Enquirer: 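Below you will find the structure I want to go over with you.
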Protein chains: 2
Amino acid sequence: MQKTTAAPAKFTHVQCGSCPIRHRAVCARCDTDELERLEETKYYRSFEAGQTIVWSGDRMDFVGSVVSGIATLTQTMEDGRRQMVGLLLPSDFVGRPGRETAAYDVVATTDLVMCCFRKKPFETIMLDTPHVGQRLLEMTLDELDAAREWMLLLGRKTAREKIASLIAIIARRDASLKLQSSEGRVVVDLPLTREAMSEYLGLTLETVSRQISALKRDGVIQIEGKRHIIIPDFDLLIEEAGDDSDGGFLV
Amino acid sequence: MQKTTAAPAKFTHVQCGSCPIRHRAVCARCDTDELERLEETKYYRSFEAGQTIVWSGDRMDFVGSVVSGIATLTQTMEDGRRQMVGLLLPSDFVGRPGRETAAYDVVATTDLVMCCFRKKPFETIMLDTPHVGQRLLEMTLDELDAAREWMLLLGRKTAREKIASLIAIIARRDASLKLQSSEGRVVVDLPLTREAMSEYLGLTLETVSRQISALKRDGVIQIEGKRHIIIPDFDLLIEEAGDDSDGGFLV
DNA sequence: CGGAGAGTTGACGACTGTCAAATCGTGTGG
DNA sequence: CCACACGATTTGACAGTCGTCAACTCTCCG
């Protein structure tokens with residue numbers, strides 16, 4: 001009731017046909033008839049940077065897609081240790097059909113707009129319009145692959161490699177969103193605080209800071225301000241990340 | 001061509017209706033008509049303990065379900081560091097519809113029987129019989145949850161907590177398979193070598209061995225032989241694992 | 001100007017990895 | 001039936017990475 005209602009930049013109703021995530025979201029495969037069905041059911045919600053969208057364990061009666069902004073999924077242990085387990089970018093899906101309560105904290109790290117459906121109607125839609133279920137399966141399989149890549153990072157990479165990997169991942173996503181290539185000189189803005197990076201990487205905030213400084217000192221990256229990063233040679237960064245040069249994917 | 005053909009215990013054709021994984025596998029929701037369709041397409045393959053089923057990057061022209069035995073999915077870095085990213089038990093699904101090549105090494109850690117489908121026919125089945133796609137989505141979402149739980153383990157737990165978690169996970173699965181409860185005194189056999197455990201947990205084999213010894217010394221577990229484990233008080237084990245007492249789930 | 005939040009840096013120590021050797025268990029050849 | 005070999009596991013000694021605690025800088029804002 002508090003801030004949730006007083007959200008930023010109220011999103012006016014957008015026609016699915018001109019939606020920015022139309023071709024990647026859960027609705028990507030829908031035909032015109034199916035879109036009409038979604039159109040009459042969907043609604044938009046906005047959240048401010050820093051705002052928690054749902055708490056782990058809380059009842060969650062909607063599902064939805066990130067339209068703009070970034071959100072994170074995080075798990076917390078009893079003693080407060082935290083591990084990020086999902087990084088949600090535009091077109092990513094939030095929530096699980098068939099589940100009552102949220103399994104993770106979902107937090108908006110930037111201002112965020114979501115295209116939502118109440119859970120029950122969405123479950124009905126999934127039964128009626130196979131294209132939604134098919135696309136959701138595809139997206140879930142992609143997320144599973146990303147999670148497994150992430151497990152390799154968490155289990156086996158050094159702090160330096162973790163940082164290099166994260167920068168590479170964000171740069172690749174950013175490039176693919178802007179339809180640019182990620183080769184040679186690449187520039188990115190980190191959408192995460194040092195703390196959020198540490199939660200992503202299974203490190204402490206201090207180690208993150210130190211390794212960023214080290215990569216900077218070694219010329220792998222250059223930094224302007226706190227968040228703006230210039231990668232003079234993307235291949236070098238990949239090498240530092242310990243990945244074989246070919247693709248890397250992500251949520 | 002070599003050992004692959006000379007597999008153990010040739011599985012004779014089993015009717016889906018009396019298949020041991022009938023109620024949990026990708027076919028769980030199928031009705032009689034649909035089963036008939038699967039029945040005429042499926043075939044069985046057997047593998048010996050230690051045998052690699054597919055190598056990462058290789059062409060993979062089938063998908064399938066584990067009928068009996070255990071397999072692992074593993075990623076390898078260029079310098080040889082390895083991280084397990086999936087532990088496949090009976091009823092778990094192997095392979096990804098719509099993908100040409102395997103993304104991970106798949107290895108049988110015990111003698112294994114799989115119920116297979118060539119990929120193309122399976123993709124057709126998925127389009128025709130919605131229950132298969134629906135069930136696969138459900139299973140994939142479960143796997144994603146398990147992967148995220150695993151990420152918390154890899155990123156934030158201590159070596160001791162990792163070992164306790166692994167034992168708890170295996171004990172829970174084992175209990176659920178045998179329809180027993182996992183409370184009070186529990187007994188399990190570890191189906192993994194110390195090395196496989198270390199690949200699961202993101203540790204070295206030596207650390208695994210040391211922490212198992214420590215848990216034994218502290219009375220959290222008792223050991224007979226190398227693999228047979230007695231847990232006098234399951235709640236105590238859970239406490240050592242750092243989990244909140246309620247559920248824990250897994251692939 | 002003071003304060004709060006984000007980020008950086010330093011000193012130190014603990015946990016876990018590395019290297020090496022010893023032990024246990026099982027299967028094979030003599 | 002026993003000795004030996006090999007793989008799996010355990011244990012020890014030591015080193016390095018990363019976490020902890022703490023001080024300090026920078027920027028933004030009231």
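In what follows, every chain begins at residue 1, and chains take the letters A, B, ... in the order their sequences are listed. Note that the coordinates shown come from a computational prediction; the quantities given were computed from them, not determined experimentally.
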Enquirer: Should Thr207(B) be listed as having a side-chain N or O under 4.0 Å from OP1 or OP2 of dG17(C)?
Expert: yes

Enquirer: Taking any heavy-atom pair under 4.0 Å as a contact, classify Leu205(A): base, sugar-phosphate, or nothing.
Expert: base

Enquirer: Over how many whole Å does the gap from Arg160(A) atom CZ to dG19(D) atom C1' extend?
Expert: 19 Å

Enquirer: Is there a side-chain polar atom (N or O) of Arg210(B) under 4.0 Å from OP1 or OP2 of dG12(D)?
Expert: no

Enquirer: Below 4.0 angstrom from OP1 or OP2 of dG7(C), is there any side-chain N or O of Arg227(A)?
Expert: yes

Enquirer: Does the side chain of Thr158(A) get closer than 4.0 angstrom to OP1 or OP2 of dT17(D) through an N or O atom?
Expert: no

Enquirer: With no hydrogens and no angle check, is any side-chain donor or acceptor of Arg24(A) less than 3.5 Å from a backbone partner on Ser91(A)?
Expert: no

Enquirer: Could you check how far CG of Leu203(B) sits from P of dT9(D), rounded to whole Å?
Expert: 15 Å

Enquirer: Mind checking the OH-OG1 spacing from Tyr104(A) to Thr74(A)? Nearest 0.5 Å is all I need.
Expert: 11.0 Å

Enquirer: Could you state the atom-to-atom distance from CG of Leu201(A) to C1' of dG19(D) in whole Å?
Expert: 15 Å

Enquirer: Whole Å only: how far is the CG atom of Leu192(B) from the P atom of dG7(D)?
Expert: 20 Å

Enquirer: Which part of the nucleic acid, if any, lies within reach of Gly202(B) when heavy atoms closer than 4.0 Å are counted: base, sugar-phosphate only, or nothing?
Expert: sugar-phosphate

Enquirer: To the nearest Å, how far apart are Lys216(A) NZ and dT9(C) C1'?
Expert: 12 Å

Enquirer: Whole angstrom is fine here: how far is it from CD in Glu224(B) over to C1' in dT9(D)?
Expert: 17 Å

Enquirer: Grab the NZ-P distance between Lys226(A) and dA6(C) for me, whole Å please.
Expert: 12 Å

Enquirer: Check whether the side chain of Glu206(A) and the base of dC21(D) form a donor-acceptor pair under 3.5 Å.
Expert: yes

Enquirer: Taking atom C1' of dT20(D) as reference, at what distance in whole Å does atom CZ of Arg156(B) sit?
Expert: 13 Å

Enquirer: Applying side-chain hydrogen bond (donor to acceptor under 3.5 Å, both in side chains), run through Arg59(B) and Thr101(B) and close with a yes or a no.
Expert: CA-CA 4 Å; Arg59(B) 186 179 174 73; Thr101(B) 57; over 6 Å; no

Enquirer: For Ser209(B), which contact category applies under a 4.0 Å heavy-atom criterion: base, sugar-phosphate, or nothing?
Expert: base

Enquirer: State whether Asp243(A) and Lys157(A) are salt-bridged, where the test is any N-O pair (Lys NZ or Arg NE/NH1/NH2 against Asp/Glu carboxylate O) under 4.0 Å.
Expert: yes

Enquirer: Between Arg148(B) and Glu143(A), does at least one N-O distance fall below 4.0 Å, as a salt bridge requires?
Expert: yes

